[in-house]
Number of protein chains: 2
Amino acid sequence: MVKNLSPNVPEIVDDLVQLCFAVQTILLRIAAAHDLSLVQMRLFGILRDHEPEMIALARYLNLDKSSVSGLIDRAEQRGLVRRVRVPEDGRVFRVSITPLGRQITAEITTQVESEILGLVANLSDADRRQFIRIASEILRG
Amino acid sequence: MVKNLSPNVPEIVDDLVQLCFAVQTILLRIAAAHDLSLVQMRLFGILRDHEPEMIALARYLNLDKSSVSGLIDRAEQRGLVRRVRVPEDGRVFRVSITPLGRQITAEITTQVESEILGLVANLSDADRRQFIRIASEILRG
DNA sequence: TATTGTTATACTCTATAACTATA
DNA sequence: TATAGTTATAGAGTATAACAATA
């Protein structure tokens, strides 16, 4: 019930939106289990491999810099990230993930992997290869 | 940049999450252009074909009933929905979309369709058929 | 002057708990 | 008592505008 975007919408649009919704639901549930929002989940996905400046984070997350201030404030209060001063420019911080933040990120990554794999568990190997090929086409031209 | 969930995560998981993110970005942008949240967009997707009770809406949207109260309050103030009394049970409302709400929903549907189609514009017809087949497999077994 | 980041403010969105009205 | 829905409250998340510090 409440399945289709519209009877007249091409099936591929409907499928993409529904697929997005299914993945979204999984991500939301896992994030919530760790008391994180989806944006925070994305934040930690970034921080695992980067130490961005606040303004770069705003760009990555498509948020206003003031929103990032609050986001980092709350994460810092929970001991998940740190603001690190940059010697070259007194205005700038880099945001760095803490060991605790890294541990939570690792747990989340494992869970996400497992649950998303569950979503495609019934596909044949051939279909899984096809899907990866077509998805790559969509995502990276 | 900031592309992969992790180097060790299977490619199909990464692709699904990224595909979800791409769709999400489109939906968010279109919703925002109409001053709506993603949840409101889902709400109107439901109301186009249904007149649910508040409690059913809470179930569909996976929200607490108090959250739905606020959601419907704000939509009602903007003239997009109406609360309709049910004669059989004095406690119950049905939520009904107004002509204005229906018009906005139609605009959004058209835009979403067009932008999502743009995402798969470069696929061959064969790949598009394959994708629909595999997506159906994932979504509906 | 321009840039980086924070703060003040206001609003949406969400859940929990307490409440009202109806069954 | 039980159910449908609202209200009070608190907190996250967001943007805009004004601000401080640094360049």
Side-chain angles (χ1 to χ4, degrees), chain A residues 24-25 27-44 46-47 50-96 104, chain B residues 24-25 27-44 46-47 50-96 104:
Chain A
Q24 183 85 352
T25 301
L27 295 181
L28 253 175
R29 180 160 32 77
I30 295 174
H34 293 270
D35 252 301
L36 296 177
S37 66
L38 283 186
V39 172
Q40 283 176 314
M41 215 162 119
R42 286 180 55 207
L43 168 67
F44 290 113
I46 294 170
L47 296 186
H50 304 84
E51 286 201 355
E53 306 173 2
M54 298 292 280
I55 209 167
L57 266 183
R59 211 164 38 235
Y60 294 154
L61 297 173
N62 199 27
L63 293 176
D64 188 85
K65 54 188 178 160
S66 66
S67 305
V68 175
S69 274
L71 200 68
I72 299 304
D73 280 348
R74 291 184 292 273
E76 200 168 27
Q77 276 161 24
R78 287 177 61 184
L80 305 178
V81 307
R82 269 190 318 262
R83 282 173 168 91
V84 181
R85 278 276 178 213
V86 167
E88 312 87 78
D89 188 332
R91 297 170 297 182
V92 171
F93 293 111
R94 289 192 172 278
V95 181
S96 174
I104 290 182
Chain B
Q24 184 87 351
T25 300
L27 295 181
L28 253 175
R29 180 162 30 78
I30 295 173
H34 292 270
D35 252 300
L36 296 177
S37 66
L38 283 186
V39 172
Q40 283 176 314
M41 217 163 114
R42 286 181 55 209
L43 168 67
F44 290 113
I46 295 170
L47 295 186
H50 305 83
E51 287 201 354
E53 305 174 2
M54 298 291 280
I55 210 167
L57 266 183
R59 211 163 40 235
Y60 294 155
L61 297 173
N62 200 27
L63 293 175
D64 188 86
K65 54 188 180 163
S66 67
S67 305
V68 176
S69 274
L71 198 69
I72 299 305
D73 279 348
R74 292 184 290 274
E76 200 167 28
Q77 275 160 26
R78 287 177 61 184
L80 305 178
V81 306
R82 268 190 317 262
R83 281 173 167 93
V84 180
R85 278 280 177 207
V86 166
E88 311 87 80
D89 188 333
R91 297 170 298 182
V92 172
F93 292 112
R94 290 192 172 278
V95 181
S96 175
I104 291 183

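Throughout, a chain's letter reflects where its sequence line sits, starting with A, and its residues are numbered from 1. What you see below is based on every heavy atom in this structure, not just the backbone, and it leaves out hydrogens, waters and symmetry mates.
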*Asks:* Roughly how many Å is it from CG in B:D35 to C1' in C:dC11, rounded to a whole number?
*Replies:*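 For the pair B:D35 CG and C:dC11 C1', the rounded distance is 11 Å.
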*Asks:* How many whole angstroms separate atom CD of B:E76 from atom P of D:dG5?
*Replies:* 13 Å
*Asks:* For B:R83, what residues pass the side-chain hydrogen bond (donor to acceptor under 3.5 Å, both in side chains) criterion, not counting sequence neighbours?
*Replies:*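 If we apply the side-chain hydrogen bond (donor to acceptor under 3.5 Å, both in side chains) test to B:R83, skipping adjacent residues, the hits are B:D73, B:E76.
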*Asks:* How many Å lie between CD1 on A:I55 and C1' on C:dG5, as a whole number?
*Replies:*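 Taking atom C1' of C:dG5 as the reference, CD1 of A:I55 is at 8 Å.
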*Asks:* Find out whether A:L36 and A:R78 are in side-chain contact, i.e. whether some heavy atom of one side chain is under 4.5 Å from a heavy atom of the other.
*Replies:*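 Yes. Closest side-chain heavy atoms under 4.5 Å.
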*Asks:* Report the residues that fulfil side-chain hydrogen bond (donor to acceptor under 3.5 Å, both in side chains) with B:D89, sequence neighbours left out, ordered by chain and then residue number.
*Replies:*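 B:D89 satisfies side-chain hydrogen bond (donor to acceptor under 3.5 Å, both in side chains) with B:R91 once adjacent residues are dropped.
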*Asks:* Output the rounded distance in Å from CG (B:D73) to C1' (C:dC11).
*Replies:* 14 Å
*Asks:* Given atom CZ of B:R59 and atom P of C:dA15, what is their separation to the nearest angstrom?
*Replies:* 15 Å
*Asks:* Would you check if A:P52 and A:L47 make a side-chain contact, meaning some heavy-atom pair closer than 4.5 Å?
*Replies:*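 SC-SC contact between A:P52 and A:L47 confirmed.
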*Asks:* Is there a side-chain contact between A:I72 and A:L43 in this structure, where contact means two heavy atoms from C-beta onward sitting under 4.5 Å apart?
*Replies:*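 Contact flag for A:I72/A:L43 side chains = yes.
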*Asks:* Among A:V84, A:V81, A:I46, exactly one meets side-chain contact (heavy atoms from CB on, under 4.5 Å) together with A:V95. Which residue is that?
*Replies:*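 Between A:V95 and the candidates, side-chain contact (heavy atoms from CB on, under 4.5 Å) is satisfied uniquely by A:V81.
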*Asks:* Tabulate atom names and distances for all N/O pairs under 3.5 angstrom spanning the protein and nucleotides 11-14 of chain D.
*Replies:*
{"residue": "D:dG13", "atom": "OP1", "partner": "A:S37", "partner atom": "OG", "Å": "2.8"}
{"residue": "D:dG13", "atom": "OP1", "partner": "A:Q40", "partner atom": "OE1", "Å": "3.4"}
{"residue": "D:dG13", "atom": "OP2", "partner": "A:R74", "partner atom": "NE", "Å": "2.6"}
{"residue": "D:dG13", "atom": "OP2", "partner": "A:R74", "partner atom": "NH2", "Å": "3.1"}

*Asks:* Between B:R83 and D:dT6, is there a contact of a side-chain N or O with OP1 or OP2 at under 4.0 Å?
*Replies:*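 Indeed, a polar side-chain atom of B:R83 lies that close.
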*Asks:* I'd like to check the side-chain contact (heavy atoms from CB on, under 4.5 Å) partners of B:V39; sequence neighbours left out, ordered by chain and number.
*Replies:* B:S37, B:L61, B:L63, B:L71
*Asks:* To the nearest angstrom, how far is B:R94 atom CZ from D:dG5 atom C1'?
*Replies:* 14 Å
*Asks:* Between C:dC13 atom P and B:M41 atom CE, what is the distance in whole Å?
*Replies:*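 That distance rounds to 14 Å.
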*Asks:* With 3.5 Å as the limit, what N/O pairs link the protein to nucleotides 19-23 of chain C?
*Replies:*
{"residue": "C:dT22", "atom": "O3'", "partner": "B:G90", "partner atom": "N", "Å": "3.3"}
{"residue": "C:dA23", "atom": "OP1", "partner": "B:G90", "partner atom": "N", "Å": "2.8"}

*Asks:* Give a yes or no on this: more than 12 heavy atoms of other residues, nucleotides or ligands lie within 6.0 Å of atom CG of B:D64.
*Replies:* yes
*Asks:* If the condition is side-chain hydrogen bond (donor to acceptor under 3.5 Å, both in side chains), which residues does A:R29 pass it with, not counting sequence neighbours?
*Replies:*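 With sequence neighbours excluded, A:R29 shows a side-chain hydrogen bond (donor to acceptor under 3.5 Å, both in side chains) to A:E115, given in chain and number order.
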